[in-house]
Chemist: 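One structure, pasted below without further comment.
Worth saying up front: this structure is predicted, and the values here are computed from it rather than measured. Heavy atoms only: backbone and side chains are in, while hydrogens, waters and symmetry mates are out.
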Amino acid sequence: MSIRSSRILRGTVAVLTTALTTAAISVVSSTGAQAAVNTSASYLVVYNNNIENWLPSSCADGYSWDRLITYIKGRPLSPDIFTVQQVSNQTQLNTLTQRLSDELPGTYTGQIAIASPGSMGYTSTCGRLKNQQTNAVIYRSDRFTFEDATRWRSDAPEDYDAGTGGCQNLEPTRSSQDRVHNVAVRLHDNVRNEDVSVASIHWPTNTWHGPMCADENIKEADEAMDRLGGGLKIVAGDANAEPEDAGWWNDGKADGYRDPIAEKCGSRDCSSTYDTNGSRRIDFLLVKSGTGFSNVATVTPSMTGGEYSEHRALTAYVNY
């Protein structure tokens, strides 16, 4: 073969290879996630969100939690840890972890607070879909090995209707309050070769005067972290309390917890830009023993192309 013919053949092969590669990339981009798994030993990609029972569109009042999944798929890295509140039960958690495993890089599993929560007593067609509510920690099983878990009940005043008396566990009342049962896990990070403890919390609403016991609830969360041990500690969830309520945020800070959102906005009392539920900042991602954060964000509807939950998700790359 002549040199000229060889060059022509090589050029033809190169053009075909480029075309085939472009076509393959196009197929992957249109059908699979753009994100990659985090392989760094220096930090963890963490998300938190109250998923509001992941309701079908017929009952979701315009919210679509799929928008958050689509947003995450477009991010550079998929979550290492995803704390969720108001998941219905073990069956829904299994469905959710399978969905994340199918649509994101990585393989996901989770630990739930209560596998089959009691009923909230709703009777309407859509209300019944929110009768069971509890919390869970989702994590990448291809990165972490599960080691241990602890579960505990959030507190409200003894007389939760009047808001009087000492703080005590909010047990099932005229409606089940399994939604305030928290779960924390200790995971071994096989990339870092270090243990990390993670809690998903959900504290009582003002219906039960829950914010009055927020200080006791952050203390109990810290005690759960101490029971589990580990180096890095992450407490995330729906506090149903603003930072100033009962001094809980200040006491959490005194106990060593850092608030990535507060550090980003420059104050405990952030502007409305950082509100997570209506005009309130009541969802938190708190970190103890880490060395800092990056890519901190409150995930707004403008970022996801529309409303996805009544609570805005939080995310941060949390440094060891």
Side-chain angles (χ1 to χ4, degrees), residues 33 35 37-38 44-55 65-66 68-69 71-73 75 77-117 129-130 132-154 178-192 195-202 221 224-225 227-228 230 232-238 283-287 299 308-309 311 313-316 318:
V37 294
N38 173 28
L44 298 175
V45 180
V46 182
Y47 281 80
N48 174 79
N49 189 226
N50 181 328
I51 70 173
E52 297 282 345
N53 291 89
W54 195 13
L55 296 176
W65 204 71
D66 287 358
L68 182 60
I69 295 179
Y71 168 80
I72 294 172
K73 286 167 66 174
R75 306 306 299 157
L77 296 174
S78 59
D80 295 310
I81 291 168
F82 200 151
T83 50
V84 294
Q85 297 78 54
Q86 213 169 308
V87 62
S88 296
N89 48 38
Q90 185 69 55
T91 299
Q92 188 177 61
L93 178 61
N94 293 345
T95 301
L96 176 55
T97 55
Q98 187 61 58
R99 172 79 178 274
L100 296 176
S101 298
D102 289 344
E103 298 200 24
L104 294 172
T107 304
Y108 292 90
T109 189
Q111 287 286 322
I112 199 165
I114 298 179
S116 184
L129 297 178
K130 299 182 75 169
Q132 289 186 301
Q133 301 180 20
T134 191
N135 312 294
V137 177
I138 297 171
Y139 58 92
R140 278 179 47 210
S141 59
D142 56 339
R143 173 162 183 153
F144 299 100
T145 300
F146 171 77
E147 292 189 332
D148 199 5
T150 186
R151 295 167 174 84
W152 72 102
R153 200 89 170 176
S154 299
D178 286 346
R179 72 200 300 269
V180 304
H181 213 83
N182 311 294
V183 59
V185 299
R186 186 178 73 243
L187 307 170
H188 184 72
D189 186 343
N190 296 303
V191 176
R192 175 78 177 188
D195 288 350
V196 54
S197 292
V198 184
S200 179
I201 60 164
H202 199 175
M225 294 288 97
R227 287 197 298 272
L228 290 174
L232 183 65
K233 297 175 173 65
I234 299 168
V235 174
D238 177 0
D283 300 85
F284 297 87
L285 195 168
L286 306 174
V287 181
V299 183
Y308 58 89
S309 170
H311 293 255
L314 306 172
T315 184
V318 177

Chemist: If you compare all heavy atoms of Gln132 against all heavy atoms of Pro117, which two are closest, and at what distance to 0.1 Å?
Modeler: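 For Gln132 and Pro117, the tightest heavy-atom pair comes out as NE2-O, 2.8 Å.
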Chemist: Asn53 versus Leu129: any side-chain heavy-atom pair under 4.5 Å?
Modeler: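 Result no, sub-4.5 Å side-chain heavy-atom pair not found.
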Chemist: Against Val137, only a single residue in Asn182, Ile234, Val198 fulfils side chain to side chain contact (heavy atoms under 4.5 Å, CB included); can you say which?
Modeler: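 Output: one option passes, namely Val198.
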Chemist: State, to 0.1 Å, how close Ser141 and Thr109 come at their nearest heavy-atom pair, and which atoms those are.
Modeler: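 Taking Ser141 first and Thr109 second, the nearest heavy atoms are CB-CG2, 3.8 Å.
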Chemist: Would you find a donor on one side and an acceptor on the other, under 3.5 Å apart, between the side chain of Ser197 and the backbone of Met225?
Modeler: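 The answer is no, because no donor-acceptor pair under 3.5 Å joins these two groups.
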Chemist: Side chain of Arg140, backbone of Asp80: donor and acceptor closer than 3.5 Å?
Modeler: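 Absent.
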Chemist: Which atoms form the tightest heavy-atom contact between Leu285 and Ala316, and what is the distance?
Modeler: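 Smallest heavy-atom distance, with atoms named: CD1-N, 4.3 Å.
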Chemist: So Leu68 and Ser309, side chain to side chain contact (heavy atoms under 4.5 Å, CB included) or not? Walk me through it.
Modeler: CA-CA 9 Å; Leu68 182 60; Ser309 170; over 6 Å; no
Chemist: Please name the pair of heavy atoms, one in Pro79 and one in Tyr47, separated by the smallest distance, quoted to 0.1 Å.
Modeler: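 Minimum heavy-atom separation between Pro79 and Tyr47: CG-CD1, 3.5 Å.
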Chemist: Are the side chain of Ser101 and the backbone of Tyr108 linked by a donor-acceptor contact shorter than 3.5 Å?
Modeler: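 Yes; at least one donor-acceptor contact below 3.5 Å.
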Chemist: Could you pull out the closest heavy-atom pair between Gln111 and Val183, with the gap in Å?
Modeler: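 Looking at all heavy atoms of both residues, the shortest contact is O-CG1, 3.9 Å.
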Chemist: What pair of heavy atoms forms the shortest contact from Val87 to Leu93, and how long is it?
Modeler: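 Nearest pair, atom of Val87 first, then Leu93: CG2-N, 3.9 Å.
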